[in-house]
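To keep things clear, I will list the structure first and then write my remarks on it.
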Amino acid sequence: MPENADSRCMERAIELSLENVRAGRGGPFAAVVAKNGEIIAEAANCVTATNDPTAHAEIVAIREACHKLGYFELTGCDLYTSCEPCPMCLGAIYWARPARVFYANTAADAAAIGFDDAFIYSEIKRPLADRTIPMIPLLREKALAAFREWQAKTDKAPY
């Protein structure tokens with residue numbers, strides 16, 4: 001990878017985050033996915049523009065990159081995000097398995113302007129029934145049928 005490719009990709013993510021704020025399309029976040037120094041996908045936060053709480057920049061960029069690559073993993077790719085990923089994006093990043101993640105602003109920087117993820121991290125540690133949004137088991141035995149069929153399937157794509 002060219003020496004300045006990492007900086008170039010991060011600069012693009014930062015540029016997209018600024019454009020997003022100035023255009024009023026969403027929060028001050030953007031992400032770029034690159035492979036071998038070439039940008040293959042980019043996105044800005046569009047939660048409020050699309051009324052989709054999962055439309056964080058990293059999620060949208062991962063979706064676009066996987067679609068373009070024709071694969072559900074970002075093998076050999078790098079993710080550049082204008083801010084340290086939130087818990088949801090962090091989960092998606094681990095599922096997508098990029099080689100590396102670069103970030104600019106920190107979680108503390110985001111918290112200082114009203115995007116604080118500390119609540120979610122504390123909720124994860126609480127027992128399911130004690131969470132702010134209770135997690136209630138329902139029809140597990142019936143649902144296990146799909147898991148059993150998946151386990152027996154011989155032509156599945158493991159992930």
Side-chain angles (χ1 to χ4, degrees), residues 1-128 131-133 135 146-147 150-151 156-159:
M1 180 180 300
E3 185 176 325
N4 291 330
D6 291 332
S7 293
R8 182 178 49 77
C9 290
M10 183 58 80
E11 286 175 8
R12 179 60 182 150
I14 293 167
E15 179 184 324
L16 287 167
S17 69
L18 284 165
E19 288 174 8
N20 207 46
V21 171
R22 292 172 182 154
R25 290 189 298 259
F29 306 100
V32 166
V33 176
K35 189 165 190 169
N36 300 321
E38 295 300 318
I39 293 173
I40 58 171
E42 58 183 41
N45 175 289
C46 56
V47 169
T48 57
T50 61
N51 294 318
D52 179 354
T54 69
H56 288 201
E58 296 92 333
I59 303 284
V60 177
I62 288 168
R63 288 175 183 159
E64 182 181 331
C66 287
H67 178 75
K68 284 183 178 178
L69 293 170
Y71 196 58
F72 57 84
E73 291 181 1
L74 296 177
T75 306
C77 295
D78 292 319
L79 176 68
Y80 302 83
T81 178
S82 64
C83 187
E84 187 177 350
C86 75
M88 177 182 67
C89 293
L90 189 60
I93 288 164
Y94 274 94
W95 283 115
R97 298 175 179 91
R100 301 179 298 176
V101 175
F102 297 88
Y103 65 92
N105 294 312
T106 66
D109 297 331
I113 62 164
F115 295 93
D116 191 353
D117 301 324
F119 171 74
I120 296 171
Y121 285 111
S122 67
E123 282 288 295
I124 290 169
K125 295 175 187 174
R126 297 176 70 167
L128 297 177
R131 292 184 179 169
T132 302
I133 300 173
M135 303 289 154
F147 281 17
W150 172 259
Q151 192 171 26
K156 61 188 169 204
Y159 59 98

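Fair warning: this is a prediction, and the values are worked out from it, not measured in the lab. Just the heavy atoms: all of them, side chains too, but no hydrogens, waters or symmetry mates, feed the values below.
- Under a cut-off of 6.0 angstrom, the local environment of CZ in F102 is crowded, with over 12 non-hydrogen atoms contributed by other residues, nucleotides or ligands.
- Ring pair Y159/F72 is perpendicular by interplanar angle, where above 60° counts as perpendicular and below 30° as parallel.
- More than 12 heavy atoms of other shown residues, nucleotides or ligands fall within 6.0 angstrom of atom CD1 in I124.
- Side-chain contact between P28 and N45 is absent, with no heavy-atom pair separated by less than 4.5 Å.
- Atom-to-atom distance recorded for I62:CD1 and H56:NE2 is 12.0 Å, nearest 0.5 angstrom.
- Residues meeting the side-chain contact (heavy atoms from CB on, under 4.5 Å) test with E19, sequence neighbours left out: R12, E15, L16, R25.
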Could you walk me through whether E123 and I133 pass side chain to side chain contact (heavy atoms under 4.5 Å, CB included), step by step?
CA-CA 9 Å; E123 282 288 295; I133 300 173; 5.8 Å; no
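- Side-chain contact between C77 and I40 is present, with heavy atoms from C-beta onward closer than 4.5 Å.
- For the pair E58 and L79, the tightest heavy-atom approach, listed with the atom from each and the gap, is CG-CD2, 4.3 Å.
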Enumerate, atom names and distances included, each donor-acceptor pair closer than 3.5 Å involving a side-chain atom of residues 82-94, sequence neighbours excluded.
unit_1, atom_1, unit_2, atom_2, d
S82, OG, A30, N, 2.9
S82, OG, A30, O, 3.4
E84, OE1, A107, N, 2.8

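- Side chain of K68 to backbone of A41: no donor-acceptor contact under 3.5 angstrom is found.
- In this view, V60 and A43, C46, A55 satisfy the side-chain contact (heavy atoms from CB on, under 4.5 Å) rule, not counting sequence neighbours.
- When all heavy atoms are compared, the tightest approach of A57 to A44 is CB-C, 3.8 Å.
- With K35 contributing its side chain and L74 its backbone, the two residues share no donor-acceptor pair below 3.5 Å.
- When only modelled atom types and interatomic distance are considered, N20 and S17 share no side-chain donor-acceptor pair under 3.5 Å.
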Quick one: do E64 and V33 satisfy side chain to side chain contact (heavy atoms under 4.5 Å, CB included)? Show the steps, please.
CA-CA 9 Å; E64 182 181 331; V33 176; over 6 Å; no
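- Side chain of R97 to backbone of W95: a donor-acceptor contact under 3.5 angstrom is found.
- Taking the side chain as every heavy atom from C-beta outward, D6 and R100 approach each other to under 4.5 Å.
- The closest donor-acceptor contact from the side chain of K156 to the backbone of Q151 lies under 3.5 Å.
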